[in-house]
Structure formats: C-alpha cells, structure tokens
Enquirer: 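Have a look at this one before I ask anything.
None of these values were measured; they are calculated from a predicted model. Start at 1 and go down the list; that is how both ligands and their atoms are numbered.
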Amino acid sequence: MKIALTGTPGTGKTSVSQILIKNGIKVIDLNDLAISKNFTSGQDSKRKSAIIDTIKLNDYIKKNFNTNDTIIFESHLSHLLKCMDKIIILRCHPKELQKRLKTKKWNKKKIQENVEAEILDIVLSESVEIQGTQKLLEIDTTQKSPEELSEKILELIDKKFNGVKNYKIGCIDWSEEILKYY
Ligand SMILES: Nc1ncnc2c1ncn2[C@@H]1O[C@H](COP(=O)(O)OP(=O)(O)OP(=O)(O)O)[C@@H](O)[C@H]1O
Ligand SMILES: [Mg+2]
C-alpha cells in the first residue's frame with residue numbers, strides 16, 4: 001500500500017516520519033527523490049525552489065515501487081500523485097502552525113503564505129480534486145506530539161485503514177482565523 005503523508009509545510013510530516021522509520025516503517029522523502037532523479041520542470045523564482053514534475057514522479061513510483069508492501073511517501077506534494085492508495089493529510093491550527101514555521105527561519109511572507117494555505121484547506125481541496133474523497137483522511141496534529149501522531153498512524157496501518165471514522169475529511173475548519181488577518 002502506497003500512503004501519501006501530506007499537509008501544509010510545518011504540519012509535522014518529517015517529524016512524525018522520523019519516528020515511523022524507527023518503528024520499522026519504510027518512508028520515502030518525495031522531495032529528495034524528485035530532486036535526485038531530476039524530476040523538475042523549472043525553477044519557481046518567487047519561492048526560490050524547484051518546480052517538481054509530479055507526472056514524472058508518479059510514473060517513476062508506479063514502475064519502481066510496484067509492491068504490496070506498506071510505504072509512506074512524505075511531502076506536501078504527495079497527494080498530487082494518482083498512484084497513492086491512501087492520503088493522510090496532517091492539519092494544524094494556524095496559531096500553532098505559525099509557531100512551528102517560525103522554527104524554520106523562513107521570512108514572514110513565506111510563513112504567512114503557508115498559514116493562509118492551511119486556513120483555506122488548500123491541500124484538502126487539491127486532494128479531493130485529484131483523488132476523490134474515498135482515499136482521504138485528515139488528522140489534526142495541533143494537540144498531538146509527533147510520538148502520539150506516529151502511534152495513530154501505526155494503528156491505521158495495522159488496521160489497514162479500517163474503522164477510521166475519527167479522521168473523516170471536512171470536520172476541520174479554521175475559516176474563522178482568516179478574519180484575524182483583516
Ligand atoms: N506534533 C508536533 N507538535 C509540536 N511541534 C511539532 C510537531 N511536529 C512538528 N513540530 C515542529 O514543527 C516544525 C516543523 O516540523 P516538520 O519539519 O516536521 O514539518 P513538515 O511538515 O515536514 O514541513 P515541510 O513541508 O516544510 O517539510 C519543527 O520545528 C518541528 O519540531
Ligand atoms: Mg518536511
């Protein structure tokens with residue numbers, strides 16, 4: 001099973017992945033994979049980062065990870081890949097997300113852009129558009145340590161994602177937070 005672990009930057013994908021790896025789960029960093037294989041289609045000059053070619057990345061994963069083993073693909077772009085069987089979207093309250101993003105030492109504008117993306121459910125709406133609703137789950141990480149979060153994800157894997165009512169999409173709503181910016 002190919003599991004996409006996605007979410008707005010700062011929601012904690014890499015932190016929880018490190019714990020999952022220690023628990024024996026195979027985790028692939030999709031950003032690293034795309035860069036190392038040159039699956040890029042130019043440079044985003046505004047964000048000073050490479051534009052990842054998700055079609056090439058999707059084709060590569062389909063060919064090279066053709067297995068029933070459980071593999072987690074972590075990246076804020078992983079939900080864009082059609083070959084994924086399940087999509088775990090990590091969410092975080094905007095105030096807490098701002099705190100987490102500050103540790104990345106990004107400039108104010110980049111932090112604001114990502115906090116707004118979280119409030120506007122960007123990753124969720126992209127996921128619904130590309131994957132439909134069946135494969136998707138949302139986990140609120142705001143009050144969870146990376147250890148607690150990894151336990152939840154391990155449980156989901158263990159149960160083959162059966163009985164996942166708690167993580168139904170569409171229940172998380174940060175929309176009132178947007179008013180605080182105006
Ligand atoms: N569950 C959590 N509770 C509190 N702090 C967290 C949690 N998860 C991550 N953090 C902290 O938030 C910051 C961002 O975490 P992390 O780098 O794991 O996010 P990410 O989703 O991988 O971001 P990116 O998409 O930019 O790679 C780090 O300083 C990390 O220590
Ligand atoms: Mg990361």
Enquirer: At a non-hydrogen distance cut-off of under 4.0 Å, which region of Ser145 contacts ligand 1 (side chain, backbone, both, or neither)?
Expert: backbone

Enquirer: Quick check: closest heavy atoms across Glu74 and Val27, and the distance to 0.1 Å?
Expert: CG-CG1, 4.1 Å

Enquirer: For atom 6 (C) of ligand 1, which candidate among Gln143, Glu147, Lys99, Arg100 provides the closest heavy atom?
Expert: Arg100

Enquirer: Under 4.0 Å, heavy-atom basis, I'd like to know which part of Thr103 is in contact with ligand 1: side chain, backbone, both or neither.
Expert: side chain

Enquirer: Donor-acceptor check, side chain of Ser78 to backbone of Leu5, threshold 3.5 angstrom: yes or no?
Expert: yes

Enquirer: Should you measure from each heavy atom of Ser15, which atoms of ligand 1 turn up under 4.0 Å away?
Expert: 8 (N), 9 (C), 15 (O), 16 (P), 18 (O), 30 (C)

Enquirer: Which ligand 1 atoms, with their elements, are less than 4.0 angstrom from a heavy-atom of Pro9?
Expert: 23 (O), 24 (P), 25 (O), 26 (O)

Enquirer: Select the closest option to atom 25 (O) of ligand 1 among His76, Lys102, Lys13, judged by heavy-atom distance.
Expert: Lys13

Enquirer: Would you say Lys13's side chain and Gly7's backbone share a donor-acceptor pair under 3.5 angstrom?
Expert: yes

Enquirer: Establish, from distance only, whether the side-chain atoms of Asn31 and Ser75 form a donor-acceptor pair under 3.5 Å.
Expert: yes

Enquirer: Does Thr11 have a heavy atom less than 4.0 Å from any atom of ligand 1?
Expert: yes

Enquirer: For Lys144, counting its heavy atoms only, list the atoms of ligand 1 lying under 4.0 Å from any of them.
Expert: 1 (N), 2 (C), 3 (N)

Enquirer: Against Arg91, only a single residue in Leu97, Leu124, Thr11, Val123 fulfils side-chain contact (heavy atoms from CB on, under 4.5 Å); can you say which?
Expert: Leu124

Enquirer: Using a 4.0 Å heavy-atom threshold (strictly under), name the region of Lys104 that reaches ligand 1: side chain, backbone, both or neither.
Expert: side chain

Enquirer: Taking Lys160 for its side chain and Leu156 for its backbone only, find out whether a donor-acceptor pair lies under 3.5 Å.
Expert: no

Enquirer: Counting only heavy atoms, tell me which of Gly7, Gly12, Ser17, Gly10 gets closest to atom 8 (N) of ligand 1.
Expert: Gly12

Enquirer: Quick check: does Ser17 have an N/O/S atom under 2.8 Å of the Mg ion (ligand 2)?
Expert: no

Enquirer: When you measure from the side chain of Thr142 to the backbone of His93, do you find a donor-acceptor pair of N or O atoms at a distance under 3.5 Å?
Expert: yes

Enquirer: Checking His79 against Thr6: is there a side-chain donor and acceptor pair closer than 3.5 Å?
Expert: yes

